[in-house]
Asker: 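Take a look at the following structure, please.
Owing to the predicted nature of the structure, the values given are computational and were not obtained by experimental measurement. Sequence lines set the chain letters: A, B, ... in the order given, protein chains first and strands last, and positions in each chain run from 1.
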Amino acid sequence: MMNETDEIEDVEAPEETSVESRVPDHNEAIRIAEALLFASAEPLGPEELAGRLPEGADIQKILEDLQEIYALRGVNLVRVAGKWAFRTASDLSFVLSRDVVEQRKLSRAAMETLSIIAYHQPVTRAEIEEIRGVATSKGTLDLLLETGWIRLRGRRKAPGRPVTYGTSPAFLDHFGLDAIEDLPGLEELKGAGFIEGRVPSDMSVPVPSDAEALREDEDPLDQDDLFQEPLDMHKTETGETGEE
Amino acid sequence: MMNETDEIEDVEAPEETSVESRVPDHNEAIRIAEALLFASAEPLGPEELAGRLPEGADIQKILEDLQEIYALRGVNLVRVAGKWAFRTASDLSFVLSRDVVEQRKLSRAAMETLSIIAYHQPVTRAEIEEIRGVATSKGTLDLLLETGWIRLRGRRKAPGRPVTYGTSPAFLDHFGLDAIEDLPGLEELKGAGFIEGRVPSDMSVPVPSDAEALREDEDPLDQDDLFQEPLDMHKTETGETGEE
Amino acid sequence: MAKPLPFEDVEPTAERGEGEPALLVDVDGFEGPLDLLLELARRQKVDLHRISILALAEQYIAFIEEARRMRLELAADYLVMAAWLAYLKSRLLLPEPPKGEEPSAEDLATALALRLRRLEAIREVAQKLGERSLLGRDVFARGAPEPVIVNRDARYEASLYDLLKAYAQQRQVQFNSKVSLHKRNVWSLIDAREALERLVGHLSGDWVTLDTYLVEFMVEPAMRPTVLASALSATLEMVREGKLTVRQDEAFAPVWVKSADQAETGAQS
């Protein structure tokens, strides 16, 4: 018995996947990925797709092919927040915006605050105020939390342990960004020295960073914080916590 | 317009109509229709599309072209109730469903009913009720049938010809019994502390039998009985039936 | 100071054009002193790198004085900034003292210029960000998402222990209920009443213990409780109706009955 188990390892070997033999499968995999992405309002990550695609599907290639197929169509495959989603072509906004039910525009103060959080994250309220030269109302931060675009990250390891803010994947999705490094004008800001990493440069932590992992100078949120901001919580976690 | 609709049949024939002049606009109109249909929460009718498409766009042709473009894709343009919508290709519906196995505990009522069926089989619903002293809901028996642990055996040769229930091999399997006769008898139940106190001498626990063969007092099931229990059915067949 | 409304429904408060003196005192249009300073700096129409902080300070102070002359309510931070700029201005105008602990006036001016540039920079990117193709404004997600259908396949769990316990408990309940049903022979209240009424007929004003009379009804020993209970109840009822008198000398002592004096002996028997 024991010495027969060797067979098991060989089971997967025969599929040498020379591209030729893969083509029909590849097309089928493209169709599957297309259906999945098309059906979903939310972007899907490669891992999520992989779980549904035939074993051994070349996800990278599938996505590239799909992107190309749709490049000139009225619906495009775009990459947001490291995931993939179909979105209407941006040049067609003029026909579609008519549907928009009274889109509320972020006020200048809120937009500025959001930008500071995006470009300087993780950032504390005091730092935001320092840059804007004016007190930030609680309302503005609450509202940004409510949009789901910003989140409480942790607490700065500093006197008073102020809460640090950062952006969420929903922020990237809303602004059509693949990653935080794609923020417009980021390089210029860095070049001008306006975005100073508080973290020693040898740590190679990108500035700004919306990574899940906390930085050296951040502590996790306290238990209380999680209940103070139910709006934020139930964006990131699945229910449970923030429910009252 | 009307006399040109003949074209529809040879859609694939190289578009001879004055398409040339129309092409750029037509393609743009297709893109717009595509985006509108994609983004709309409801299927769109030709009139609704007409309101958004460039003046003079040939809606019929646009929809036909779109339908053709998507015919072999993972997403198809389909007509629903006279309106149009994109839908996942029907052959791919499987990718949009996921099977989740949920562990559930049997209710006390179900457990009691099951135990009576196990010990007293073949047993009718009325007999179960007599032992339990309460009415047995249809739901409880359906649920037990769904577990696959009980089965309809036959019909009692008695007025009303009530259905008789018994346990299945899956029951033995689940409860780790080699045979139904391995269920402990009265003395063993007492010995194991399941029954305390005095037991009247005339009371006994039957020796159960789950033999395939019907008993003297059982008739085979009617043809109809086999279709009365869809819950039981879709255990054996693959999905399809039980979808609502 | 502008009220920090998170969303504005109207267009952003009028673009502040140049050369419109009325705007000079429109403090409401500004997001704090730094914003006001930035606006004033923009009016110098020079690169922020080459801005004259001294000139800027003078303009700001003039602005604030004008505003106060018009009795406009000014938020404290505008005044604080004015005071600080007045101090900076005086230091910039006076010869620098020998190097001390404090940063030089030049350093302070440079730091302020840097802050202004940084604010301007973030404003620019904020604008660029807002000009992107925004989801829900310019680009749209699937309007009718087709959710993944989750087929829940319930796998039921039950242990042999639970099975046996469920069975044993029911059977035990059944044994117990059957036991009492078979063995219990109840002497009902009605039986007791009839028997007692017959008894009253036989009584001739003498005290009789209830027990002696009841013995004949206790067909089996198990019936004693039910006979006693029913008889006592019936007795009490008849006492209430004035047909019987009852007495007990002490707790647990025999119960004595006799027909009441004015008892009509009822023609029942």
Asker: Less than 4.5 Å apart, side chain to side chain, heavy atoms only: is that true for A:I62 and A:L49?
Answerer: no

Asker: Does any backbone or side-chain atom of B:I32 lie under 4.5 Å from a heavy atom of chain A? Answer side chain, backbone, both or neither.
Answerer: both

Asker: With only heavy atoms counted, which part of B:L72 is less than 4.5 Å from chain A, the side chain, the backbone, both or neither?
Answerer: backbone

Asker: Could you go through A:Q121 and A:S209, starting from their C-alpha distance and side-chain angles, then the distance that decides it, and tell me whether this counts as side-chain hydrogen bond (donor to acceptor under 3.5 Å, both in side chains)?
Answerer: CA-CA 6 Å; A:Q121 63 186 307; A:S209 157; over 6 Å; no

Asker: Which residues, numbered in order, of residues 111-119 of chain B come under 4.5 angstrom of chain A by heavy-atom distance?
Answerer: none

Asker: Find out whether A:Y70 and A:E34 are in side-chain contact, i.e. whether some heavy atom of one side chain is under 4.5 Å from a heavy atom of the other.
Answerer: yes

Asker: Below 4.5 Å from any heavy atom of chain A, which atoms of B:N76 appear? Answer side chain, backbone, both or neither.
Answerer: neither

Asker: Is A:V80 close to A:L177 at the side-chain level, that is, under 4.5 Å between some pair of heavy atoms?
Answerer: no

Asker: For the residue pair B:F86 and B:F38, is the inter-centroid distance of their aromatic rings smaller than 6.0 Å?
Answerer: no

Asker: Measure up the B:H174 and B:W149 rings against each other and bin them: parallel (under 30°), tilted (30 to 60°), perpendicular (over 60°).
Answerer: tilted

Asker: In terms of heavy-atom proximity below 4.5 Å to chain B, should A:L53 be classed as side chain, backbone, both, or neither?
Answerer: neither

Asker: Are the side chains of A:D65 and A:H26 in touch, meaning some heavy atoms are under 4.5 Å apart?
Answerer: yes

Asker: Whether the B:S90 and B:S93 side chains hold a donor-acceptor pair (N or O, under 3.5 Å, no angle test) is what I'd like checked.
Answerer: no

